[in-house]
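Worksheet for the structure shown next.
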Protein chains: 2
Amino acid sequence: MNKQDTQRLTKRAALLKSLAHPSRLLMIEMLEKAPRCVGELTEAVGSDITTVSKHLAVLRRVGLVHVEKHGTYSEYSLACDCVTHMLDCIESGMGKTVRGSTCETPKPENKQKK
Amino acid sequence: MNKQDTQRLTKRAALLKSLAHPSRLLMIEMLEKAPRCVGELTEAVGSDITTVSKHLAVLRRVGLVHVEKHGTYSEYSLACDCVTHMLDCIESGMGKTVRGSTCETPKPENKQKK
DNA sequence: ACAATTATTGGCGATATTGCCAACAATGTC
DNA sequence: GACATTGTTGGCAATATCGCCAATAATTGT
């Protein structure tokens, strides 16, 4: 793996990793509809507010969300509609590739010769 | 977070997590072009073959790739073109949302008065 | 049967992620 | 000022991921 690929793929992996958590996905779905403050997201997610705050920090770090302070409130919003589009793609892909939770049916009866 | 959402989002997160590694992304890019055996992927990735094999197991578990044995070789292939499409969506989204590696620039003037 | 090739699995240490608590910071209210 | 509200950060234990080595399986060739 050359240096350029490593850099490109590492960056892409970081974005995917930031999405790869149920709570963060829920938060993003909520932010698709409207901007929200941390308290609202916390209630929806059902974890401690400090946990949610850290999840939001993850999303901030990769640039998926923006934050705007209003008084003591932090209003989070999606950085871009592309996030929605990305997740739509993933969902449509899921229906086709991931059938069950373990979709790969191991077929040992491949008697092919090379 | 209700039970249904939890299940749906956990599943989606699992798929994203399986994609969220540079080596696995490279392997998928290679498989987009043609089916490959583990050795070929190993050479491209540059890690130990056992590491690559485990990465492939991750992709198998979520159903992103298929494997077909030919003699002692395991020929891996993409389960579906949707994977390609998904990653294209992600790439196009990246250009717009993730500018730098740290794109969210918070206020630099944090006067700490402790 | 034996050895070589290809790949997978178990195990281990190193590292990263997750979720909560306590502490702290920032703002608004009395 | 004192106090409450809203978020963030540090720290910690539990858990998961990662990458390599050793061992194993499966197949092919001699």
Side-chain angles (χ1 to χ4, degrees), chain A residues 1 6 9-10 13-27 35-62 65-77 104 106-114, chain B residues 1 6 9-10 13-27 31 35-62 65-77 104 106-107 109-114:
Chain A
M1 197 150 42
T6 300
L9 296 174
T10 299
L15 178 64
L16 286 162
K17 205 188 289 189
S18 77
L19 292 170
H21 191 288
S23 302
R24 293 198 288 267
L25 287 176
L26 180 66
M27 294 190 254
R36 307 276 189 181
C37 67
V38 182
E40 292 173 304
L41 297 168
T42 297
E43 189 183 6
V45 167
S47 324
D48 196 277
I49 190 176
T50 70
T51 299
V52 171
S53 184
K54 285 189 178 177
H55 280 309
L56 287 167
V58 171
L59 296 176
R60 249 186 296 135
R61 233 170 280 134
V62 296
V65 301
H66 285 149
V67 60
E68 200 174 323
K69 291 224 95 180
H70 297 288
T72 63
Y73 289 81
S74 292
E75 187 192 70
Y76 280 85
S77 54
E104 238 299 82
K107 289 281 196 111
E109 50 227 285
N110 284 321
K111 282 305 179 114
Q112 293 251 356
K113 296 190 72 163
K114 113 177 166 132
Chain B
M1 197 152 41
T6 300
L9 296 174
T10 299
L15 178 64
L16 286 162
K17 206 189 287 190
S18 78
L19 292 171
H21 191 287
S23 301
R24 293 198 286 267
L25 287 175
L26 179 66
M27 294 190 256
L31 296 180
R36 308 278 189 178
C37 67
V38 183
E40 292 174 303
L41 296 168
T42 298
E43 189 183 6
V45 167
S47 324
D48 195 277
I49 189 176
T50 70
T51 299
V52 172
S53 184
K54 285 189 179 176
H55 280 310
L56 287 166
V58 171
L59 296 176
R60 250 186 295 136
R61 233 170 280 134
V62 296
V65 301
H66 285 148
V67 61
E68 202 173 321
K69 291 225 95 179
H70 298 289
T72 63
Y73 290 81
S74 292
E75 188 192 70
Y76 280 84
S77 54
E104 238 300 83
K107 36 208 65 185
E109 51 248 77
N110 266 336
K111 292 297 182 40
Q112 305 240 347
K113 44 162 197 179
K114 239 190 129 149

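Any value given below was found using the heavy atoms of this structure, including those in side chains, with hydrogens, waters and symmetry copies removed. Naming convention: chains lettered A, B, ... in sequence-line order (proteins, then strands); numbering from 1 in each chain.
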Calculate the interatomic distance between [X] atom [atom1] and [N] atom [atom2]; express it in whole Å.
X     : N      : atom1 : atom2 : answer
A:L59 : C:dT17 : CG    : P     : 14 Å
A:D48 : C:dA23 : CG    : C1'   : 13 Å
B:E68 : D:dA26 : CD    : C1'   : 17 Å
B:H70 : C:dA7  : NE2   : C1'   : 14 Å
A:M27 : C:dG19 : CE    : C1'   : 12 Å
B:L16 : D:dA16 : CG    : C1'   : 17 Å
B:L41 : C:dT6  : CG    : P     : 14 Å

Less than 4.5 Å apart, any side-chain heavy atom of [X] and any of [Y]?
X     : Y     : answer
B:H55 : B:L59 : no
A:E75 : A:C37 : no
B:L25 : A:L16 : yes
A:M1  : A:L9  : yes
B:V67 : B:L56 : no

- Query: Is any side-chain N or O of A:H55 closer than 4.0 Å to OP1 or OP2 of C:dG19?
  - Reply: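 For A:H55, the contact criterion (side-chain N or O under 4.0 Å from OP1 or OP2 of C:dG19) is met.
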- Message: Would you say A:H21 places a side-chain N or O within less than 4.0 Å of OP1 or OP2 belonging to C:dG19?
- Response: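 Answer is yes, contact under 4.0 Å.
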- Work out how much the helix from C:dA1-D:dT30 to C:dC30-D:dG1 bends between its end axes, five pairs an end, to the nearest 10 degrees.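 Comparing the axis at each end, I get an angle of 10°.
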- Measure the NZ-NE2 distance between B:K17 and A:H21 for me, rounded to the nearest 0.5 Å.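 One gets 7.5 Å once the value is rounded to the nearest 0.5 Å.
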- Rounded distance [0.5 Å steps], CG in B:L41 versus CD1 in B:I49: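 One finds 9.5 Å between CG of B:L41 and CD1 of B:I49.
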Each nucleotide N or O in nucleotides 7-11 of chain D that has a protein N or O under 3.5 Å away: list the pair and distance.
residue	atom	partner	partner atom	Å
D:dG7	OP1	A:V38	N	3.2
D:dG7	OP2	A:G39	N	3.0
D:dG7	O3'	A:S74	OG	3.2
D:dT8	OP1	A:Y76	OH	2.6
D:dT8	OP2	A:S53	OG	2.6
D:dT8	O5'	A:S53	OG	3.3
D:dG10	O6	A:K54	NZ	3.3
D:dG11	O6	A:K54	NZ	2.4

- Message: Can you pull out every side chain to side chain donor-acceptor pair (under 3.5 Å) where at least one residue sits in residues 40-50 of chain B? Sequence neighbours excluded, please.
- Response: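 Pairs touching residues 40-50 of chain B that pass the test: B:D48-B:T50.
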- Message: Looking at B:R24 and B:S18, would you say the former's side chain and the latter's main chain have a donor-acceptor pair under 3.5 Å?
- Response: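 Side chain of B:R24 to backbone of B:S18, a donor-acceptor pair under 3.5 Å: yes, one is there.
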- Message: For A:G71 and A:S23, find the nucleotide of DNA chain C closest to each by heavy atoms; which residue's nucleotide sits nearer the 5' end?
- Response: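 So the residue in question is A:S23.
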